[in-house]
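Scroll down for the structure; my scribbles are underneath it.
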Amino acid sequence: MVLPFLALLVLLALGMPIGFAMVTASLIYMTLVGGIPLGQVTQSMALSVDSFTILAVPLFILAGNLMNTGGVTRRVFRFANVLVGHLRGGLGHVCIVASMIFAGMTGAATAEAAGLGILEIKAMRDEGYDLDFAAALTGAAATIGPIIPPSIPFVIYGVLANCSVGALFLGGFVPGLLMGLSLMCISFYYARKRNYPRRQRATRRELWASVKESFLPLQCPVIILGGIWGGIFTPTEAASVAVVYALILGLIVYKELRPADLPGIIKSTLVATSTVCFIVAGATLFAWIMAREQIPQQIGAFLLSLTSSPAGLLLILNLFLLVVGCFMEAIAAMTILVPILLPIIVSVGVDPVHFGLVMTLNLMIGLLTPPVGLVLYIVSKIADMSFGRLARATAPFLVPLLIVLALITYIPQLVLWLPNLLLRRGL
């Protein structure tokens with residue numbers, strides 16, 4: 001039973017990428033155990049990504065890359081600056097608000113960290129903010145991206161859990177807003193403590209000019225989410241609409257996206273997509289082996305022997321997922337663990353949509369924790385600072401995120417109120 005896990009841990013310790021490690025561990029198990037047709041490998045991996053819903057993943061990645069290159073990111077940042085730049089520690093709040101707006105366009109923490117991070121860190125450094133604060137806040141704010149819809153992890157979870165992606169999207173609104181507000185509180189605290197500057201309040205003319213400049217980018221989340229909830233298109237079709245909209249803005253409206261830029265954008269999208277899909281495929285094969293060994297049933301029996309209380313079980317799973325997030329990439333962890341954990345939480349009466357938000361936020365916090373924190377790697381490269389220094393600077397910003405995690409864990413209506421209101425689930 002422990003053979004695939006031991007093989008996986010050894011391979012990860014040797015530095016093998018997570019997707020290849022899961023496939024290799026699976027092959028080692030299948031070879032040693034015998035009696036399993038190796039054709040199962042290719043079949044299982046191919047079927048795992050042969051999904052119309054998963055098609056939304058590369059499309060949202062492409063939309064984010066187009067917006068970063070086509071001038072949308074910069075306009076969103078300027079709008080946020082006019083909106084909240086006059087508050088104490090204004091650029092810190094600008095960073096958070098811009099991330100919340102950009103979250104409604106791409107659904108990926110890495111896209112936010114890479115796209116907005118360059119603008120945010122440079123702007124804060126130019127205004128006299130400490131590099132540690134600027135980089136840490138940029139990384140923490142990027143985790144809002146997959147919580148406020150649309151969200152790539154929600155698409156993956158919806159496929160694995162066989163639950164409504166639209167309900168997951170709706171469920172992410174309130175937690176995403178809480179994350180933004182909590183980060184603004186800690187930003188305000190540091191701003192007062194370190195006497196960070198604030199900008200002069202924008203005049204009505206400046207505000208109106210910024211609204212006009214950013215009006216079209218701000219319509220992107222309205223179009224995407226309004227179309228999904230209005231029944232006009234599916235989440236996958238919404239991702240296609242986002243790509244077309246980003247192309248129109250970049251090529252025709254702002255003319256900052258050149259045809260010569262497209263091959264590079266498509267190449268980076270293909271690289272990111274192939275990475276995600278290979279991780280999903282490898283994790284699906286690994287999960288099939290665990291199912292064959294009846295590991296989910298054994299884990300479920302063990303957890304339920306500890307407690308049958310939903311509150312107690314959620315506490316245990318939160319602690320477990322926080323540890324997992326430190327060592328495993330979010331999509332890989334989700335692909336492996338959802339088939340194991342979902343039957344357990346459903347058996348004690350926890351709503352799958354509620355658990356989807358709890359699980360996703362846990363794994364997004366993992367993006368800020370070493371040794372595998374992907375957002376930390378991206379921001380450390382942008383800020384030109386060591387990974388260890390950034391990890392230490394980011395630690396205080398984990399506190400508000402953990403508080404939000406506790407709130408959505410034990411107040412399910414923070415997640416379920418909007419889906420129940422608009423989709424009337426269960427009626």
Side-chain angles (χ1 to χ4, degrees), residues 51-64 67 99-112 142-180 217-243 245-246 276 330-331 334 338 342 350-364 404-405 407-409 411-427:
S51 165
F52 178 72
T53 305
I54 289 218
L55 185 59
V57 173
L59 292 171
F60 277 128
I61 293 173
L62 177 58
M67 290 175 189
S99 291
M100 293 170 71
I101 296 172
F102 201 63
M105 302 179 188
T106 63
T110 51
E112 288 202 20
T143 62
I144 302 173
I147 303 298
I148 293 180
S151 164
I152 290 173
F154 287 169
V155 172
I156 301 294
Y157 179 88
V159 171
L160 295 171
N162 194 28
C163 70
S164 167
V165 174
L168 290 164
F169 281 7
L170 279 169
F173 262 112
V174 173
L177 292 175
L178 290 175
M179 290 171 69
L218 293 176
Q219 300 314 299
C220 186
V222 176
I223 294 171
I224 294 172
L225 302 176
I228 293 173
W229 300 324
I232 301 173
F233 37 68
T234 67
T236 301
E237 292 164 345
S240 303
V241 171
V243 170
Y245 194 69
V276 171
I331 291 177
M334 192 171 281
V338 168
L342 189 67
V350 177
D351 190 292
V353 172
H354 175 215
F355 183 68
L357 266 294
V358 172
M359 185 176 198
T360 302
L361 182 50
N362 269 294
L363 297 176
M364 292 307 103
V404 174
L405 175 61
L407 288 173
I408 69 167
T409 298
I411 309 177
Q413 286 307 309
L414 291 175
V415 173
L416 300 176
W417 170 71
L418 207 52
N420 287 336
L421 179 66
L422 297 183
L423 297 182
R424 301 193 180 277
R425 296 171 53 248
L427 295 183

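Hydrogens, waters and symmetry mates are skipped; everything else that's a heavy atom, side chains included, is used.
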Would you give the length of the straight line joining atom [atom1] of [X] to atom [atom2] of [Y], rounded to the nearest 0.5 angstrom?
X	Y	atom1	atom2	value
Thr236	Leu55	OG1	CG	6.0 Å
Glu237	Ile232	CD	CD1	11.0 Å
Asp351	Cys163	CG	SG	8.0 Å
Met359	Leu342	CE	CG	9.0 Å
Leu416	Leu421	CG	CG	12.0 Å
Asn362	Met334	CG	CE	9.5 Å

Would you say [X]'s side chain and [Y]'s backbone share a donor-acceptor pair under 3.5 angstrom?
X	Y	answer
His354	Ile411	no
Ser151	Ile147	no
Tyr157	Pro352	yes

At their closest point, which heavy atom of [X] faces which heavy atom of [Y], and how far apart are they?
X	Y	result
Gly171	Pro419	N-CG, 3.6 Å
Leu414	Pro175	O-CD, 3.8 Å
Pro150	Ile224	CG-CG2, 4.4 Å
Ala242	Met67	O-CE, 4.3 Å
Leu59	Ser240	CD1-OG, 3.2 Å
Val358	Leu405	O-CD1, 3.9 Å

Under a 4.5 Å cut-off applied to non-hydrogen side-chain atoms, are Leu357 and Leu168 in contact?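 Yes, at least one pair of side-chain atoms sits under 4.5 Å.
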Side chains of Gln413 and Asn420: closer than 4.5 Å at any heavy-atom pair?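 Touching, per the 4.5 Å side-chain cut-off.
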Check the orientation of Phe154 and Phe169. Use parallel for under 30°, tilted for 30 to 60°, and perpendicular for over 60°. tilted
